Amino acid sequence: MSLTGDQLAIKVVLIIGILIVAYFTLRSQGGERTLAIRRLALFSFLIFAVITVLWPSLLSYLAYFLGVGRGTDLVLYLLVIAFFTNLATSYRRTLATEARLTQLARQVAFNSLEIPDDAPAGNEAPFGLPKSDK
C-alpha cells in the first residue's frame with residue numbers, strides 16, 4: 001500500500017472521525033441487549049469504514065459485485081438506508097417519550113390535586129357532582 005502525503009492525511013482524518021463517532025455512539029445509555037447489538041453493529045461499521053478508507057478499490061469491487069456502478073454510489077445508498085433507519089428509530093423514540101411525558105403529567109396533576117375541606121367524604125361524589133349509578 002503506497003500512499004502519498006495527501007492520501008495519508010485524509011485517511012488519518014477519516015479514521016479519527018470514525019473513531020470519534022464510535023465513541024459518542026457507545027457513550028449513550030440503553031438496555032443490555034440494545035447496547036450489545038449496537039456495539040456489534042458499530043464494530044462491524046468500524047471495520048468496514050477503516051477497510052474502505054485504506055483500500056477504496058475494495059469498495060468499488062463490492063459495488064460492482066452488488067450491481068452498483070461505483071463505490072461512491074454504494075456509499076450513498078448505504079447512507080440513505082442509515083438515514084431512514086435513524087429517522088424511524090428517532091420517530092419511535094419520540095413517540096415513547098411523548099407517552100411517558102403524558103403519563104408523568106397525569107401523575108403530577110393527580111398528585112397535586114387539592115381537595116377542599118368541605119368536600120364530601122366516602123361514597124359521595126366530590127365537588128358537588130351527582131353520584132353515578134354504577
Side-chain angles (χ1 to χ4, degrees):
M1 173 172 78
S2 65
L3 299 172
T4 64
D6 293 340
Q7 288 176 335
L8 179 62
I10 190 63
K11 289 182 180 188
V12 168
V13 167
L14 289 172
I15 290 172
I16 288 172
I18 291 166
L19 293 175
I20 289 171
V21 169
Y23 170 74
F24 283 110
T25 302
L26 286 176
R27 220 178 94 193
S28 64
Q29 299 295 322
E32 289 182 29
R33 182 176 177 186
T34 304
L35 186 59
I37 291 170
R38 184 185 302 162
R39 284 183 178 171
L40 286 173
L42 181 62
F43 182 73
S44 300
F45 165 75
L46 287 175
I47 297 299
F48 177 75
V50 169
I51 287 172
T52 57
V53 167
L54 294 176
W55 298 284
S57 61
L58 289 177
L59 186 62
S60 295
Y61 291 130
L62 179 62
Y64 178 76
F65 176 76
L66 294 174
V68 178
R70 301 177 301 171
T72 54
D73 293 339
L74 178 61
V75 169
L76 177 65
Y77 299 153
L78 293 175
L79 285 174
V80 168
I81 291 169
F83 171 75
F84 283 115
T85 301
N86 187 30
L87 187 68
T89 303
S90 296
Y91 176 71
R92 291 185 63 190
R93 189 178 314 126
T94 300
L95 288 179
T97 301
E98 286 177 357
R100 284 191 303 255
L101 183 61
T102 300
Q103 197 64 21
L104 179 63
R106 288 177 182 161
Q107 186 68 37
V108 167
F110 183 74
N111 289 342
S112 65
L113 182 65
E114 293 182 19
I115 300 175
D117 292 336
D118 61 344
N123 230 1
E124 300 173 28
F127 311 117
L129 297 175
K131 207 161 84 169
S132 64
D133 296 328
K134 286 188 179 180

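Because the structure is a prediction, the values reported are computed rather than measured.
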Show your reasoning for whether side-chain contact (heavy atoms from CB on, under 4.5 Å) applies to Gln103 and Arg106. CA-CA 5 Å; Gln103 197 64 21; Arg106 288 177 182 161; 3.9 Å; yes
Here the gap from Leu74 atom CG to Tyr64 atom OH, rounded to the nearest 0.5 Å, amounts to 15.0 Å
Under a 4.5 Å side-chain heavy-atom rule over Ile, Leu, Val, Met, Phe, Trp and Tyr, are Phe83 and Val80 clustered together? yes
Could you go through the side-chain contact (heavy atoms from CB on, under 4.5 Å) check for Glu98 and Leu95 one step at a time? CA-CA 5 Å; Glu98 286 177 357; Leu95 288 179; 4.2 Å; yes
Leu79-Leu62 co-clustered via ILVMFWY side chain contacts under 4.5 Å: yes
For Ile47 and Ile51, run side-chain contact (heavy atoms from CB on, under 4.5 Å): C-alpha distance rounded to whole Å, both residues' side-chain angles, the deciding distance at 0.1 Å, then the answer. CA-CA 6 Å; Ile47 297 299; Ile51 287 172; 3.7 Å; yes
Using the rule that two of Ile, Leu, Val, Met, Phe, Trp, Tyr join whenever any of their side-chain heavy atoms come within less than 4.5 Å, decide whether Phe65 and Tyr77 are in one cluster. yes
Sequence neighbours left out, what passes side chain to side chain donor-acceptor pair (under 3.5 Å) with Gln107? Give chain and number order. Asn111
Tell me whether Leu66 is reachable from Leu78 by hopping between hydrophobic residues (I, L, V, M, F, W, Y) whose side-chain heavy atoms are closer than 4.5 Å. yes
Trace of the side-chain contact (heavy atoms from CB on, under 4.5 Å) decision for Leu59 with Phe48: CA-CA 9 Å; Leu59 186 62; Phe48 177 75; 3.8 Å; yes
